[in-house]
Amino acid sequence: MTTPDRVHPAWLPPEAFRAIGSRRTLVLGDGLLAETVHDEVAQASARYGGSVRRAGDGPYDLVLALTTAEALPGVAGEVRPDSAIGDEGYVLARRDGVTVVLADEPAGLLYGLFHVVRLGERAFAGERPAEHHRPAVRRRMLDHWDNVDVHPVMGQVERGYAGGSVFWRDGAPRGDLARVRAYARLLAACGINAISVNNVNVHATEAHLLTDRLGDVAALADVFRPYGIRVHLSVSFASPVVVGGLPTSDPLDEDVRKWWADVTGRVYDTIPDFGGYVVKADSEGQPGPFAYGRDHADGANLLAEALAPYGGVVHWRAFVYNHRQDWRDRSTDRARAAYDHFAPLDGRFRDNVILQVKHGPIDFQPREPVSPVIAAMPATRVAVELQVTQEYTGQQRHVCYLAPMWREVLGFRPWGADGSDVADLVGGGDLVAVSNIGDDPYWTGHPLAQANLYAFGRLAWEPRLDPVAILDEWIDLTFVPAATGDTERLRRTLHEIMDDSWRTYERYTAPLGVGFMVRPGHHYGPDVDGYEYTPWGTYHFADRDGVGVDRTRATGTGFTGQYPPPWSEVYESLADCPDELLLFFHHVPYGHVLRSGSTVIQHIYDTHFAGAEQAAEAGRRWEEAVGLFDPALHARVKDLLDEQVRCAEEWRDQINAYFFRKSGVPDARGRRIP
């Protein structure tokens, strides 16, 4: 499958298939995804002089086969395991000069093919004992916040930083299914198997995707299906009223239950492999069960009941809080909200309800503690939600490789060093992220932001992968196959710019986990007091004496008590709280000495000067790399790095000036503060 003209091939350039396409391949197995595997190999073979067959005697260099195939070649038969491989798993081995991929199901064969693509020539060198590969997470899902109609404030894609939607344009389907097919291929190659195709903020037009515009969704499902990706749909809880003409959406009303059952039946008649619904309810103005005196379990179970006969699921988002609070009321804490709403409901949700919880308790900030809800609901299926789109991390105008942050989240142990980590809790379940792609020729606007989408898919497949190793994979697929210059210098340049880029961004933005300090509405650039006196519940409480939010049980909002020991005690303690989260949990004087040995105010100055300089150094490194990359791509990244340097300096100057004027404490190093 060729990539449409003027669209960057991302991590699947034709050259990445050279190792496969120049060899003799046998593909054995039936089914739509097995046909996809054959077509991928056939296209590569046509380009690079190899061959692919569906039957017959060897010799072969590569065998891609289902274990159910009637006649496995000798080496493949020897590799075949005694136990089940799993629905999406595969076995990879090399013996007697033949590389073998075996799978029980066609999906596993597809993922095995892309593993061989990642390996390149290494897949055909030496001997390789049998390796069993299967995903740690069952549902690896992307949520698109794409609007069908252009929203007057948020545009075609809410929190989209890469142009318009690849699905919708001005109230109608785009019709560019070749672009969607290329996208499906990219997602399958990094392990993603589910997608929601519209915004969780469901507006009037989008509500009709469930009913009279369901054919638009079916057309997308037809494109994603050959790559093993099931389509889900964001729906409005008020759909029975909005599109059904009923007088109520009360989840306990029999007519409402029947309406959802009938509509869901028609959805599955049209899209038999439909994944399910995504719901944002009683949140930021979206309707929900609270209007009828019901709770979230009542609301979620209504939809789950309708989906259950077809094997569908409902992802019910836990992003519920009071966005009209009084900024003078320090007892109301947005961080507490999800736990307060949902933890008491543990055990009341149906088996096909998946509670979708943002990884932090606030809103995808560059630094937050892990949400306590993830560990608080052992009798509920919980999915962790990440944000690939860079809403608060530079909006794809800044380089910010997010895999190190996500790896920290997935490695967090809520019950201490001897307990399970978040990766264990989502294992076998769901990991979800908000997509960062649009109709930009580079998919993500910033060409280097492609790494975040690739990394999410790879971490969803195996949450314990090393972010540096994932970045190596992405570099070797995206840039090295077509490189004509010094590939080691190319790799080194990208690692120097990207490895520490999340922490660089953190250094020049909001300090010590305090969060926000961004311009209201669009969330780009610094505005220290932008949200300080608003109803949104995102405050820093800086005054002449100190800064930070007291969330302790002793004197604050009590949020620390939502964590199990030992973290409830660690976060409660001013002495033990990690420096990087200090201002999230405590209000402290500017002269408070951090565990690093620096005072809070000096830490603010030092990190903001350092972060801006690191952004400038990334720009210099990129300029030195001219000639190593495609000229158009190099020019796009250079322009974006120039903007990052400008914005980092603006962050540095505004944050430092603000806290200098609040505290009256000068920089110990005598640097100029405006």
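Values in this document were obtained by computation on a predicted structure and should not be read as measured data.
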What class does the angle between the rings of [X] and [Y] fall in, given that below 30° is parallel, 30 to 60° is tilted and above 60° is perpendicular?
X: Phe559; Y: Tyr563; answer: perpendicular
X: His296; Y: His341; answer: perpendicular
X: Tyr571; Y: Phe585; answer: parallel
X: Phe364; Y: His359; answer: tilted
X: Tyr321; Y: His323; answer: perpendicular
X: Tyr310; Y: Tyr268; answer: parallel

Decide whether [X] and [Y] meet the rule of one side-chain donor and one side-chain acceptor closer than 3.5 Å.
X: Asn199; Y: Glu206; answer: no
X: Glu305; Y: Asn352; answer: no
X: Thr389; Y: Asn436; answer: no
X: Asp250; Y: Thr248; answer: no
X: Arg553; Y: Thr560; answer: yes
X: His151; Y: Asn147; answer: no
X: Asn198; Y: Asp146; answer: no
X: Gln390; Y: Gln395; answer: no

Exercise for review: Could you go through the salt bridge (charged side-chain N to carboxylate O under 4.0 Å, His left out) check for Arg225 and Asp273 one step at a time?
Suggested key: CA-CA 9 Å; Arg225 188 173 296 113; Asp273 58 350; 2.7 Å; yes

Review point. Is there side-chain contact between Ser239 and Ser249, with at least one heavy-atom pair below 4.5 Å?
Key: no

Review point. Given side chains that start at C-beta, do those of Val370 and Val422 come closer than 4.5 Å, heavy atoms only?
Key: yes

Practice item. Would you mind telling me which of Asp333, Thr552, Asp550 makes a side-chain hydrogen bond (donor to acceptor under 3.5 Å, both in side chains) with Thr557? Key: Asp333

Exercise for review: Check whether more than 12 heavy atoms from other residues, nucleotides or ligands sit under 6.0 Å from atom CG of Asp222, and answer yes or no.
Suggested key: yes

Check your understanding: Where do Val518 and Tyr531 land on the side-chain contact (heavy atoms from CB on, under 4.5 Å) test, with the steps shown first?
Key -> CA-CA 8 Å; Val518 293; Tyr531 279 102; 4.1 Å; yes

Measure from NZ or CZ of [X] to the centre of the six-membered ring of [Y] and say whether it is under 6.0 Å with the direction within 45° of the ring axis.
X: Arg551; Y: Phe584; result: yes
X: Arg519; Y: Tyr524; result: no
X: Arg179; Y: Trp443; result: yes

Review point. Is the centre of the Phe237 ring less than 6.0 Å from the centre of the Trp260 ring?
Key: no

Review point. Hey, what do you get for CD1 (Ile195) to CG (Leu233), rounding to the nearest 0.5 Å?
Key: 12.0 Å

**Study point:** Salt-bridge criterion met for Arg169 and Asp176 (N-O under 4.0 Å)
**Key:** no

Practice item. Apply salt bridge (charged side-chain N to carboxylate O under 4.0 Å, His left out) to the pair Asp262 and Arg266, showing each step before the final yes or no. Key: CA-CA 6 Å; Asp262 292 346; Arg266 289 194 290 273; 5.2 Å; no

Check your understanding: How far apart are the C-alpha atoms of Asp340 and Gln562, what are their side-chain angles, what is the distance that settles it, and do they pass the side-chain hydrogen bond (donor to acceptor under 3.5 Å, both in side chains) test?
Key -> CA-CA 9 Å; Asp340 288 343; Gln562 293 185 344; 3.2 Å; yes

